[in-house]
**Student:** 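This is the structure, below, for whatever I ask next.
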There are 2 protein chains.
Amino acid sequence: MTVIFSKKCEYGLQAVLYLAANERGIESADDIAKNLNIPKEFVSKILQSLTVSGIVISKKGKAGGFALAQDPKKIKLIDIVAAIDGLTMFNNCVLGFPNCNPTKPCPLHDKWGVLRTQTYNMLNEDTIDTFKEKTLRKVAAI
Amino acid sequence: MTVIFSKKCEYGLQAVLYLAANERGIESADDIAKNLNIPKEFVSKILQSLTVSGIVISKKGKAGGFALAQDPKKIKLIDIVAAIDGLTMFNNCVLGFPNCNPTKPCPLHDKWGVLRTQTYNMLNEDTIDTFKEKTLRKVAAI
DNA sequence: CTTTAATCAGACAAATAAATCTGATTATAG
DNA sequence: CTATAATCAGATTTATTTGTCTGATTAAAG
Ligand code: SF4
Ligand code: SF4
């Protein structure tokens with residue numbers, strides 16, 4: 001069981017945070033994978049897909065790799081989530097009931113609705129440039 | 001993608017809420033499945049496992065089925081989650097970083113830690129007898 | 001120009017989760 | 001006592017997610 005996001009999405013978030021934090025520009029998939037201790041081929045695939053979404057760019061050949069496609073002051077975590085897992089979870093129920101709808105609230109609607117929104121806001125309110133320090137410290141501790 | 005809980009857990013939560021809400025005592029798996037619009041064999045298996053956890057009881061043979069093992073005033077949603085998915089998610093990171101630890105916080109630790117606790121509280125603070133009405137209304141709308 | 005180290009595309013494999021099936025057992029009701 | 005309708009246990013199937021492999025392409029550096 002993952003929490004909220006798929007592994008794909010978690011790795012995507014970690015990789016993009018890492019790219020933003022180390023400020024070295026182009027970074028190889030191999031390097032990213034080693035530093036985050038996640039499977040290289042997998043994170044490589046994920047970053048490939050994020051090039052299509054315009055979040056990272058890739059450079060082929062020797063000394064190639066991935067880098068942010070935009071200023072980290074413009075990228076939010078929610079952008080990465082939207083690109084990988086989509087945003088449907090922010091319309092779904094913790095209990096798995098269908099048709100989430102304030103007019104047909106299920107038992108937890110009031111409480112869950114608030115938490116769901118706060119989770120969304122958490123991912124939407126800061127740009128990833130503000131996470132550099134903490135990302136570096138966390139990565140160092142992996 | 002499910003939200004937080006596995007399908008197994010979602011169905012378990014729904015089934016137990018349903019048993020508490022309709023107050024008919026023994027209810028067949030077939031009936032539960034039809035009313036919740038979820039697979040009968042699957043919910044049956046899940047309820048079987050919840051008998052082991054002491055949350056429901058089962059009665060075999062004709063007119064058999066499942067019923068709550070305890071007074072609904074004593075059952076909390078967190079009990080069902082603990083029995084099916086376990087509670088590890090309440091120690092894990094949204095970003096999937098390993099070693100969640102306040103001394104090695106990752107970028108979202110402060111915010112996510114709070115939301116995670118509030119989610120736990122949401123499942124822990126009320127007993128399922130308080131959900132009857134809303135459950136019935138939600139089930140009717142499925 | 002050749003070697004090397006990287007992405008890229010797409011197939012493939014393994015693991016996990018979700019759902020179904022089968023046969024046995026059990027209890028009720030006629 | 002028999003027919004029926006249910007749980008139960010466990011195997012099996014299917015779907016999805018996660019992870020790996022292969023071969024082609026690309027670009028840098030000697
Ligand atoms: S009404 Fe609330 S609890 Fe029910 S499905 Fe919608 S968000 Fe979830
Ligand atoms: S420190 Fe916070 S964000 Fe990081 S893993 Fe722990 S809970 Fe998650």
Side-chain angles (χ1 to χ4, degrees), chain A residues 1-15 19 24-69 81 84-86 88-89 96 98, chain B residues 1-15 19 24-69 81 84-86 88-89 96 98:
Chain A
M1 266 279 307
T2 60
V3 174
I4 300 186
F5 302 127
S6 67
K7 277 262 169 282
K8 217 189 269 187
C9 194
E10 288 181 354
Y11 292 163
L13 288 162
Q14 291 179 24
L19 285 175
R24 275 196 294 242
I26 295 274
E27 191 88 11
S28 77
D30 193 56
D31 212 55
I32 295 167
K34 276 190 181 119
N35 278 288
L36 295 173
N37 194 30
I38 62 184
K40 171 191 159 179
E41 314 288 347
F42 200 17
V43 78
S44 175
K45 274 237 155 297
I46 295 164
L47 287 168
Q48 279 169 41
S49 85
L50 288 179
T51 62
V52 178
S53 320
I55 293 170
V56 303
I57 53 139
S58 69
K59 186 172 171 247
K60 282 191 175 184
K62 190 162 181 173
F66 297 90
L68 296 184
V81 171
I84 301 179
D85 273 354
T88 59
M89 78 135 280
Chain B
M1 265 277 309
T2 60
V3 174
I4 300 185
F5 302 128
S6 67
K7 277 261 169 279
K8 217 189 270 188
C9 193
E10 288 181 353
Y11 292 162
L13 287 161
Q14 292 179 24
L19 285 174
R24 275 196 293 243
I26 296 273
E27 191 88 13
S28 76
D30 193 56
D31 213 53
I32 296 167
K34 277 192 179 116
N35 278 288
L36 295 173
N37 195 31
I38 62 184
K40 172 192 158 177
E41 314 288 349
F42 200 16
V43 78
S44 175
K45 272 240 155 297
I46 295 164
L47 287 168
Q48 279 170 39
S49 84
L50 288 180
T51 61
V52 179
S53 322
I55 293 170
V56 303
I57 51 138
S58 69
K59 185 171 170 248
K60 282 191 175 183
K62 192 164 180 172
F66 298 91
L68 296 184
V81 171
I84 301 179
D85 273 354
T88 58
M89 79 135 280

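Residue numbering restarts at 1 for every chain, and letters A, B, ... go by the order of the sequence lines. Atoms considered below: every heavy atom in the structure, side chains included; atoms not considered: hydrogens, waters and symmetry mates.
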**Student:** Please report the C-alpha distance between A:R24 and A:D31 in whole Å, then the side-chain angles of each, then the deciding distance to 0.1 Å, and finally whether the side-chain contact (heavy atoms from CB on, under 4.5 Å) criterion is met.
**Tutor:** CA-CA 12 Å; A:R24 275 196 294 242; A:D31 212 55; 3.8 Å; yes
**Student:** Rounded to whole angstroms, how far apart are CD1 on A:I46 and P on D:dT17?
**Tutor:**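 These atoms are roughly 13 Å apart.
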**Student:** In whole Å, I'd like the distance from the CD atom of B:E41 to the P atom of D:dT7.
**Tutor:**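 One finds 9 Å between P of D:dT7 and CD of B:E41, rounded.
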**Student:** Just the rounded figure in Å: distance from P of D:dA5 to CG of B:D31.
**Tutor:** 14 Å
**Student:** Expressed in angstrom and rounded to an integer, what is the separation of A:E10 atom CD from D:dT17 atom C1'?
**Tutor:**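 Roughly 13 Å, once rounded to whole Å.
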**Student:** What's the closest nucleotide to the side chain of A:K45 if the choices are D:dT7, C:dA9, D:dA11?
**Tutor:**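 Of the candidates, C:dA9 comes closest.
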**Student:** Given that B:Q48 and A:K7 both sit by DNA chain D, which one's nearest nucleotide is further toward the 5' end?
**Tutor:**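 Looking at DNA chain D, the more 5' nearest nucleotide goes with B:Q48.
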**Student:** How many Å lie between CG on B:D30 and C1' on C:dT20, as a whole number?
**Tutor:** 15 Å
**Student:** Rounded to the nearest 0.5 Å, how far apart are CZ of B:F66 and CG of B:L47?
**Tutor:**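 The CZ atom of B:F66 sits 5.0 Å away from the CG atom of B:L47.
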**Student:** How many Å lie between CG on B:N37 and C1' on C:dA19, as a whole number?
**Tutor:**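 For the pair B:N37 CG and C:dA19 C1', the rounded distance is 14 Å.
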**Student:** Quick one: pull up CZ in A:F5 and CD1 in B:I4 and give me the separation to the nearest 0.5 Å.
**Tutor:**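 Answer rounded to 0.5 Å: 10.0 Å.
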**Student:** Atom CG of B:L47 to atom C1' of D:dA6: distance rounded to whole Å?
**Tutor:**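 After rounding, the gap between these two atoms is 14 Å.
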**Student:** Counting only non-hydrogen atoms, which of residues 59-66 of chain B are less than 4.0 Å from DNA chain C?
**Tutor:**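 B:K59, B:K60, B:G61, B:K62 - these, ordered by number, are the residues of the stretch whose heavy atoms sit under 4.0 Å from the strand.
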**Student:** Using whole Å, what does the distance between atom C1' of nucleotide D:dT7 and atom CG of B:L19 come to?
**Tutor:** 14 Å
**Student:** Picking from D:dT20, D:dA6, C:dA18, which would you name as closest to the side chain of B:F42?
**Tutor:** C:dA18
**Student:** Which value, rounded to the nearest 0.5 Å, describes the distance between B:I84 atom CD1 and B:I46 atom CD1?
**Tutor:**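 Result: 6.0 Å between the selected atoms.
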**Student:** Roughly how far, to the nearest 0.5 Å, is the OG atom of B:S28 from the NZ atom of B:K34?
**Tutor:**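 With rounding to 0.5 Å, NZ (B:K34) is 7.5 Å from OG (B:S28).
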**Student:** Less than 4.0 angstrom between a side-chain N/O of B:Y11 and OP1 or OP2 of C:dA19, yes or no?
**Tutor:**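 True: B:Y11 side-chain N/O within range (under 4.0 Å) of C:dA19 OP1/OP2.
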**Student:** Could you give the distance from CG (B:N35) to CD (B:E27), rounded to the nearest 0.5 Å?
**Tutor:**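 If I round to the nearest 0.5 Å, the distance is 7.0 Å.
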**Student:** CG/A:L50 to CG/A:L68 distance, rounded to the nearest 0.5 angstrom?
**Tutor:**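 The CG atom of A:L68 is 10.5 Å from CG of A:L50, to the nearest 0.5 Å.
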